[in-house]
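Let me begin by presenting the structure, written as structure tokens, before commenting on it.
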Amino acid sequence: MRVLVADDDALSRKILEESLNHWGYEPVIAKDGDEAWDMLKEDGGPTLVILDWVMPGMEGIEVCRKVRARNTVNYFYIILLSAKNSHYDVIKGLESGADDYIIKPFHSEELRSRLKIGQRIIELEKRILCLASTDYLTALLNRRAFIERMEAEINRVTREKKSLGIVIADLDYFKSVNDTYGHQAGDLVLQEFSRLLCSSFRIYDFIGRYGGEEFIVGLPGASAEVSGAIAERVRRRFEEHRTLIPEWDAGIGVTSSFGVAAMENGQPELSIDGLIKQADAALYQAKQQGRNQVKIFRT
Ligand SMILES: [Mg+2]
């Protein structure tokens, strides 16, 4: 795990850098508060931070306040390190937004233990974020996470004048699977279909569970034709597939229907809702015309 260290004292920096390396962390070094703040503003930078309080330019507690004021998605765990050692200083440091406060000269093993606390908090936060965006049964994105990702992609492809394909898939007569074989069998079918989606779409496509037996895929850079072709491949593979239900000693076959739409490059911007409505309309058509087929939305 990377750890940002900001200290204006060269010797202090060297000791911290060597200790961190020794403990298996990857130190990222800043010589003062301004440099640290620049690094903390960057996307994907370190989120575990050791800040010296007194530095020329921006001081450690000011960096703390600025980090907290930004209200980012990722949590920054900040340890203030300072020779200021009165209770008043410790309180002021923690009130600026620091998670922990260590008085210099620091005890090496104590710093190590306190860093472990920070690491635990950051890893816990990552796990929570992951759980909050994942569908429990299929491990695909949940609906909210899919829409968030879609929002980011739609902005990007609009800016870059690229295409964005969307596929909505729905299992045919799924209710009868649950009714006949039970919900556990239904869950198995959903899981196998999810796996098939993951292995059939491209690595940069993103896949979500949209509702009960409804799935949704975003395909950056893909036209409606390309999206439709991949959907057709999934449809055929699933049609041939049998899901083994151990309790029934049986393999059941389920088919799937697909609606496809795309925001093609150069086309006027569509909202996410608009794009999903188009794919939904195509899916409705596929269902109406007998299911087990792929339909592409045509204006
Ligand atoms: Mg200093």
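Computed from a predicted model, the values in this text were never measured in an experiment. Just so you know, residue 1 is the first one in the sequence shown, and it goes up from there. When a ligand or atom number is given, it counts from 1 through the structure's own listing order.
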ask   = Applying ring pair (Phe, Tyr, Trp, His ring centres under 6.0 Å), which residue pairs with at least one partner in residues 135-187 are found, sequence neighbours left out?
value = Phe146-Phe206, Tyr181-Trp248
query = Counting N and O atoms only, with roles assigned by atom type, does the side chain of Glu264 sit under 3.5 Å from a partner on the main chain of Ala224, one being a donor and the other an acceptor?
reply = yes
inquiry  = Test side-chain hydrogen bond (donor to acceptor under 3.5 Å, both in side chains) on Asn142 and Arg209; report intermediate values, then the result.
reply    = CA-CA 6 Å; Asn142 61 25; Arg209 184 166 175 210; over 6 Å; no
Ile203: hydrophobic cluster co-members (side-chain, 4.5 Å) = Tyr204
task = Each residue besides Leu81 in its hydrophobic cluster should be listed here, by chain and number; the cluster joins Ile, Leu, Val, Met, Phe, Trp and Tyr at side-chain heavy-atom distances under 4.5 Å.
result = Met1, Val3, Val5, Leu11, Ile15, Leu16, Leu20, Trp23, Tyr25, Ile29, Leu48, Ile50, Tyr75, Tyr77, Ile79, Ile102, Phe106, Leu111, Leu115, Ile117, Ile121, Ile122
message = By the definition side chain to side chain contact (heavy atoms under 4.5 Å, CB included), identify the one residue from Gln278, Met150, Glu153, Met263 that meets it with Ile166.
response =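 That would be Met150; it is the only one of Gln278, Met150, Glu153, Met263 passing the side chain to side chain contact (heavy atoms under 4.5 Å, CB included) with Ile166.
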task = Provide the protein N, O or S atoms situated under 2.8 Å from the Mg ion (ligand 1); waters are not included.
result =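 Those protein N, O or S atoms (cut-off: under 2.8 Å from the Mg ion (ligand 1)) are Asp8 OD1, Asp52 OD2, Val54 O.
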